[in-house]
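Residue indices begin at 1 and follow the sequence shown.
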Amino acid sequence: MPTVLRGLIHTMRPRQWLTKNIFIFAAVVFDAKLFVPGPFFQTPLGKTIIGFVLLCLISSTIYIVNDIADVEADRQHPKKKYRPIPSGQLPIPLAWGAALGIGLFTLAASFALNTAFGWIIVLYAVLNLAYSFKLKHVVIIDVLIVAAGFVLRVAAGVPLVNVVRFSPWLYVCMALLALFLGFAKRRQERKMPFVLYGIFRYLYLVHVRGEIAPPDEVALKDRPLQIDLVLWALSVVLILYVLPKSA
């Protein structure tokens, strides 16, 4: 396989297709239409499989654009500098051409499959392009965009199935799960355990001790929470003002 083609396939992240886009099958599974008889690609399952492929392709388009947008930063990263685009294995003009070609084909095929599905793919692409170029650097908003992407993956399967029994609560569950995973992934929160302790301490006070006072009043009377806030403030000062000077 030519080096450039291998680089393109690697940049398209095929390993992430199943784990991130499998949620499109939620509608066909929970609406009990997994085994509807008929010509396969006209059945709810068949249409969902086509939708899955198109969702993978638009995801890959976003991955390519994201790597192009981050090329300068990736070249300075100890691991990401070996990715095809920052390493030069996949030239940027070819990467742009691939992204444009795959993206346009996917959009056209999505609208041909189902109009509502096509608009969901458009919204997914717009949100993720905004994330790639700007919003991933905006705290909190970055996680919300990632969570919205997972909700749209679930929503993408709905118009392909003509659901009857599909519960909107699945959107809520998906959004909460995505938010939880997104915030859990944040480096800042992993390196500052005082944030996690403060969150769980407050939940303990509300759910176990039955605390009903506003958060500011709780902080004024709960000693462990006060200590946690002080330690968190000290850690912030240490990280921002002391460690950079010592380095």
- request: Please lay out, stage by stage, how L107 and I121 fare under the test side-chain contact (heavy atoms from CB on, under 4.5 Å).
  value: CA-CA 7 Å; L107 292 176; I121 294 299; 3.9 Å; yes
message: What's the separation between atom CD1 in I62 and atom CG in L129, rounded to the nearest 0.5 Å?
response: 4.0 Å
statement: Residues D70 and S132: closest non-hydrogen pair is OD1-O, 4.5 Å
- line: Looking only at heavy atoms, the pair that brings A95 and I68 closest together is CB-CD1, 3.7 Å
query: In terms of ring plane angle, is the pair W119 and F111 parallel, tilted or perpendicular, where the classes change at 30° and 60°?
result: perpendicular
message: Taking the side chain as everything from C-beta on, heavy atoms only, tell me whether L54 gets closer than 4.5 Å to I58.
response: no
- request: Would you list the pairs meeting side-chain hydrogen bond (donor to acceptor under 3.5 Å, both in side chains) in which at least one residue belongs to residues 91-101, sequence neighbours left out?
  value: none
Residue pair C56 / V53, side-chain heavy-atom distance below 4.5 Å: no
task: Report yes or no: does N114 contribute a side-chain atom to a donor-acceptor pair with the main-chain N or O of F117 at less than 3.5 Å?
output: yes
message: With a 4.5 Å cut-off on side-chain heavy atoms, are Y204 and R209 touching?
response: yes
message: Any donor-acceptor pair under 3.5 Å linking the side-chain atoms of Y82 with those of Q89?
response: no
field: N128 side chain vs Y124 backbone, donor-acceptor pair below 3.5 Å
entry: yes
query: Is the NZ or CZ atom of R153 positioned over F23's six-membered ring, under 6.0 angstrom from the centre and within 45° of the axis?
result: no
- request: Identify whether V71 and Y63 are in the same connected component of the hydrophobic contact network (ILVMFWY, side-chain heavy atoms under 4.5 Å).
  value: no
- request: Work out which heavy atom in I120 is nearest to a heavy atom in L152; give both atom names and the distance.
  value: CG2-O, 3.7 Å
message: According to side-chain hydrogen bond (donor to acceptor under 3.5 Å, both in side chains), does anything in residues 33-44 pair up with another residue at least two apart or in another chain? List the pairs.
response: D31-K33
- prompt: Going by heavy atoms in the side chains, are V154 and I24 under 4.5 Å from each other?
  reply: no
message: In the structure I gave you, are the side-chain heavy atoms of M12 and T61 within less than 4.5 Å of one another anywhere?
response: no
message: Could you check whether R201 pairs with D222 (Lys NZ or Arg NE/NH1/NH2 to Asp/Glu carboxylate O, under 4.0 Å)?
response: yes
message: Are the side chains of P224 and D228 in contact, using a 4.5 Å heavy-atom criterion?
response: no
message: I'd like to know whether CZ of F35 has more than 12 heavy-atom contacts from other residues, nucleotides or ligands below 6.0 angstrom.
response: no
- prompt: With a 4.0 Å cut-off, would you call R13 and D67 a salt bridge?
  reply: yes
query: With a 4.5 Å limit on heavy-atom distance, are the side chains of N21 and S59 in contact?
result: yes
